[in-house]
Amino acid sequence: MRTLYRMCEDGGLSLEKWIIRRRLEGARNDLAASGHSHRTIDAVARNWGFTNPAFFSRRFRQTYGTTPSQWRRLFQQGQLLAPQDDL
């Protein structure tokens, strides 16, 4: 754990922000995955540890410039490329 903390510190991110970023990436990937298209956005967010839908939506928009529902819709319409697996 100390090594992870040091990596985050060296990269200019707090451990908390690094964890939130990883969780957002996982949720973004699930929202784009056809295997998760039947799940609600709230269910995807909860699966990645976001218990407050407003917080999840706000952080998703701050990070990716679009809401989770817009992201899913644009991806399903073929207007976005699949996200790279950053995890």
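FYI, the numbering just counts along the sequence from 1.
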Q) Do Leu74 and Gln77 touch side chain to side chain, with heavy atoms closer than 4.5 Å? A) yes
Q. For the atom pair CG (Asp30) and CD1 (Ile41), what is the distance rounded to the nearest 0.5 Å?
A. 12.0 Å
Q | Shortest non-hydrogen separation from Thr51 to Pro53 and the atoms involved | A | O-CD, 3.5 Å
Q. Going through the checks in order, is the salt bridge (Lys or Arg N to Asp or Glu O under 4.0 Å) test met by Glu25 and Arg28?
A. CA-CA 5 Å; Glu25 289 171 0; Arg28 178 185 66 158; 5.5 Å; no
Q) Just by distance, do the side chain of Arg61 and the backbone of Gly65 share a donor-acceptor pair under 3.5 Å? A) no
Q.
Quick one, Arg72 with Val44, criterion side-chain contact (heavy atoms from CB on, under 4.5 Å). Give me CA distance, side-chain angles, the key distance, then yes/no.
A. CA-CA 12 Å; Arg72 179 179 259 180; Val44 170; 4.1 Å; yes
Q) Do Phe56 and Asp42 have side chains that get closer than 4.5 Å, going by heavy atoms? A) no
Q: May I ask you to decide if Trp48's main-chain N or O and Arg23's side chain share a donor-acceptor pair within less than 3.5 Å?
A: yes
Q) What distance do Asn52 atom CG and Ser57 atom OG have between them, rounded to the nearest 0.5 Å? A) 10.0 Å
Q. Given Ile20 and Arg59, is the side-chain contact (heavy atoms from CB on, under 4.5 Å) satisfied, shown in steps?
A. CA-CA 9 Å; Ile20 291 171; Arg59 290 304 295 262; 3.8 Å; yes
Q: Taking atom CD of Gln62 as the centre, report whether more than 12 heavy atoms of other residues, nucleotides or ligands fall under 6.0 Å from it.
A: yes
Q.
Over 60° means perpendicular and under 30° means parallel, so tell me whether Phe75 and Trp71 are parallel, tilted or perpendicular.
A. parallel
**Q.** Worked check of side-chain contact (heavy atoms from CB on, under 4.5 Å) between Arg39 and Leu31
**A.** CA-CA 9 Å; Arg39 299 175 68 210; Leu31 289 171; over 6 Å; no
Q) Under 3.5 Å, is there a donor-acceptor pair between the side chain of Gln70 and the main chain of Thr67? A) yes
